[in-house]
Structures are given as structure tokens and as C-alpha cells.
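Everything on this sheet refers to the single structure shown next.
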Amino acid sequence: MVHAPARPLAGAPPVRINLYSDTQTRPTAAMKEAMMRAELGDEQHGDDPTVHALCDRMAALMGKEAAMFLPSGTMCNVIAILTHCGKGDEVVAHETSHILHSEGGAHAAFTGVQIMPLKGARGMFSADDVRAAIRPKTRYAPPQRLLEVEQTANIGGGAVWPLAQLNAVAAVAHEQGWSTHMDGARLMNACIAAGIAPRDMVASYDSVWLDFTKGLGAPLGAVLCGSAEFIGAAWRWKQRLGGSMRQAGICAAACLHALDHHVDRLAEDHANAKALARGLSQIPGVVVEEPDTNLVFFDVKEAGVDAAAVQQRLLMQGVAVSGLGGRLRACTHLDVTAPMIEEAIGLIREAVAG
Ligand SMILES: *Cc1c(COP(=O)(O)O)cnc(C)c1O
């Protein structure tokens with residue numbers, strides 16, 4: 001389920017159409033200008049004005065009391081779990097979740113929690129699934145402390161949890177006295193696709209973070225939000241892990257620029273993803289999931305061809321896609337245009353045909 005890294009392929013031309021991941025966007029000229037103009041201070045010391053501006057804005061956007069700027073989404077998940085849980089506690093999460101598969105074993109290495117993997121279509125589960133996961137509160141069972149969801153669900157195909165379902169699973173967790181955490185790596189994609197304001201989307205979650213390096217196109221940065229008490233406690237872990245920074249405002253400025261200029265345009269990425277899925281669905285032997293957002297997963301097994309072979313043939317044509325668990329994934333983002341999608345459909349057709 002982990003990304004195979006995009007190794008440069010001997011003899012392959014430079015990548016022209018990069019559908020590998022929305023993490024590969026380059027900062028725009030305007031974003032770089034905003035970074036150059038940023039007022040800076042010492043973030044670790046609490047006096048970088050641009051980081052403060054970003055955190056205030058994110059707290060307001062998410063309807064939470066406080067926010068904290070971190071280098072990456074992975075560090076947001078690690079710090080959130082360290083703050084909510086103690087060693088030996090249990091986190092209930094989907095079996096395809098990023099915390100289980102793509103954080104290098106961070107939760108075993110640093111947080112000491114165990115993760116109970118729940119099943120469910122498209123990276124989501126129901127309130128009944130959570131009820132079925134409740135353990136007796138005995139000295140034998142691991143103490144359950146946290147429910148974690150991903151909005152959008154990455155390996156679930158970029159699926160958008162319906163708001164009612166997000167609230168229903170959180171309600172079961174809260175009834176049990178657990179906290180709730182949302183991995184919002186692509187939260188803005190979900191909000192734009194569903195037409196729901198972020199603060200409403202995350203209202204049932206005690207902590208939530210947004211990644212600025214996915215569809216929002218910043219070079220680094222993620223912001224973790226929660227109560228003032230939670231963020232206060234999280235600061236201890238940020239310091240311990242070396243996530244406290246210095247003139248981080250230069251990066252926070254890119255994130256502020258992304259909030260101003262790269263959120264509404266996510267709708268274009270979703271339209272491009274839908275166009276790509278429609279085109280792929282017409283290729284014999286290709287089975288494609290209808291995307292909710294910007295991730296298009298497709299399977300080429302029925303065409304009698306190996307996914308890795310298709311991926312390599314595409315690289316020889318200057319098109320990058322990623323391979324995940326035997327399927328291929330194409331991801332739209334701000335460096336991918338509608339004409340590129342049309343061209344990619346034709347090249348994928350040829351690559352599948354051999
Ligand atoms: C990318 C991603 C992360 C990790 O974010 P980084 O900024 O790459 O550390 C976590 N969860 C999900 C669902 C992701 O897609």
C-alpha cells in the first residue's frame with residue numbers, strides 16, 4: 001500500500017505530465033514572491049509574525065482555539081497521537097490509514113500506541129463498526145483513547161466522508177470518552193467537493209490538521225489545530241521532536257498564499273480527475289473508480305497487463321503515475337491542465353494496449 005518511489009527510469013525523457021502525486025507541485029512565482037516579502041522572527045521563541053498570522057487564520061478557519069505550524073503532516077499525526085495518548089493506548093483507525101502504512105512505523109517507534117484497523121469500503125467505516133470495536137474496560141484490554149479518520153481517505157480513492165458519517169463515528173468515540181483526530185492532509189479537497197465549510201466539516205474532531213504540500217502547492221508545512229490546552233501540550237512534543245523552527249515565516253507565507261489563491265481552484269483538479277476517470281473507463285480492460293476529488297485509482301488487471309509495466313511505459317512517454325497495492329493512481333493538481341489530461345488518456349490507452 002506504500003508508494004513505490006518514482007525512480008528515474010534509464011532512457012526515459014523528463015516527466016511532462018506529472019500525475020504521480022499532488023506533493024510534486026512546484027511553488028508558483030507569486031508564491032515565491034510572497035515568501036520573499038514575509039516578515040520573519042524566531043518561531044521557536046514565539047515571535048515570527050507570519051507564523052502567528054497563519055496559525056490565527058487556521059484556528060479561525062477550523063473553528064478551533066489554537067493552531068501550531070509544523071514541517072509536515074506526518075509530524076502532525078505523530079504529535080497529535082503523542083498528545084492524546086500514552087504508551088500502550090489504542091487508536092481506532094481505518095485499515096488503509098496513513099498512520100498504519102506510510103509513517104515509517106512512527107507510532108510504534110515514538111508514540112507506543114497500538115492501532116486497531118477497521119474495515120470499510122473506500123477508507124471509511126460506520127458508527128456500527130466503531131461500536132463493534134469497543135473493548136471492555138478491564139485490566140486486560142488496551143485502553144482505547146482515540147478515533148482517527150482521514151478526510152479525504154487517500155487509499156480509499158480520495159473519498160469524501162459524508163458529514164453525517166463523520167459526526168456519527170465521532171459521537172460513538174466521545175460516548176466512550178475517547179478523543180477524535182482528523183488527518184486532514186487533503187481536507188480542503190473534501191470541503192470544496194462537498195461544499196461544506198472547514199469549521200463545519202471538522203466540528204466533531206478534537207484535533208485536525210491540514211497539509212499545505214498536497215493540492216495547496218506549498219513547498220513545506222502543515223498546521224495542527226485544536227483546543228488551547230491541546231496545542232499547549234502539543235508544543236512540548238514539537239520541541240522534543242525538533243519540530244520547533246526559526247524563521248519559519250518564509251514557509252508560513254507560502255501557506256497563507258495557498259489559502260488565498262489555491263483553495264477554490266481545487267474544483268479544477270476535481271473536474272480534471274473526473275475527465276480522466278471518464279476517459280480511462282472507455283479503455284478496454286481498465287477498471288476505474290469514480291473519483292470524489294483529485295485521486296483516480298485504476299486497475300489494469302483485466303487488460304492482462306502488469307500495472308508496473310504500464311507505469312514504466314508511461315514514464316517512457318513522459319507521464320508519471322504512482323503504483324499502490326497493485327493498482328495505479330493518477331493525481332491531479334495545480335501543475336496539471338485539462339489538455340494534459342486529454343493527452344494522458346491517449347497515452348494510457350497505448351500503454352495498456354502494449
Ligand atoms: C501525505 C499524507 C500524510 C503525511 O503528510 P506529509 O506532509 O507528507 O508528512 C498523512 N496522511 C495522509 C492521508 C496523506 O495523504
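This structure is a prediction, so every number in the text was calculated from the model and none was measured. First listed ligand is number 1; within each ligand, the first listed atom is number 1. What's counted below: heavy atoms across the whole structure, side chains too, no hydrogens, waters or symmetry copies.
Taking every heavy atom of Ser72 and a limit of under 4.0 angstrom, the matching atoms of ligand 1 come to 7 (O), 9 (O). Those atoms of ligand 1 with a heavy atom of Thr74 less than 4.0 angstrom away are 4 (C), 5 (O), 6 (P), 9 (O). The ligand atoms of ligand 1 that sit less than 4.0 angstrom from a heavy atom of Arg186 are 15 (O).
Only the side chain of Lys214 comes within 4.0 Å of ligand 1, counting heavy atoms alone; its backbone N, CA, C and O stay farther away. Contacts of Asn154 with ligand 1, taken as heavy-atom pairs under 4.0 Å, involve the side chain alone. Looking at Trp209 against ligand 1, only its side chain comes within 4.0 Å, counting heavy atoms.
With sequence neighbours excluded, the residues satisfying side-chain contact (heavy atoms from CB on, under 4.5 Å) with Glu229 are Ser227. For Ala59, the side-chain contact (heavy atoms from CB on, under 4.5 Å) criterion is met by Ala67, not counting sequence neighbours.
Ion pairing between a basic and an acidic side chain is recognised when a charged N comes within 4.0 Å of a carboxylate O; Arg16 and Asp335 show no such pairing. A salt bridge is defined here as a Lys NZ or Arg NE, NH1 or NH2 lying under 4.0 Å from an Asp or Glu carboxylate O, and Arg122 with Asp292 meets this definition.
Of all protein heavy atoms, the one closest to atom 11 (N) of ligand 1 is Asp183 OD2, 2.6 Å. From the protein, the heavy atom lying nearest to atom 5 (O) of ligand 1 is Asp211 OD2, 3.0 Å. Considering only non-hydrogen protein atoms, atom 13 (C) of ligand 1 sits nearest to Glu150 OE1, 3.3 Å.
Checked against the 6.0 Å centroid criterion, the rings of His84 and Phe230 qualify as a close aromatic pair. A distance below 6.0 Å separates the ring centres of Phe125 and Trp161.
Below 3.5 Å of separation, one finds no N or O of Ala185 facing any N or O of ligand 1.
Considering Leu347, Ile348, Val352 as possible partners of Glu350, the one that fulfils the side-chain contact (heavy atoms from CB on, under 4.5 Å) test is Leu347.
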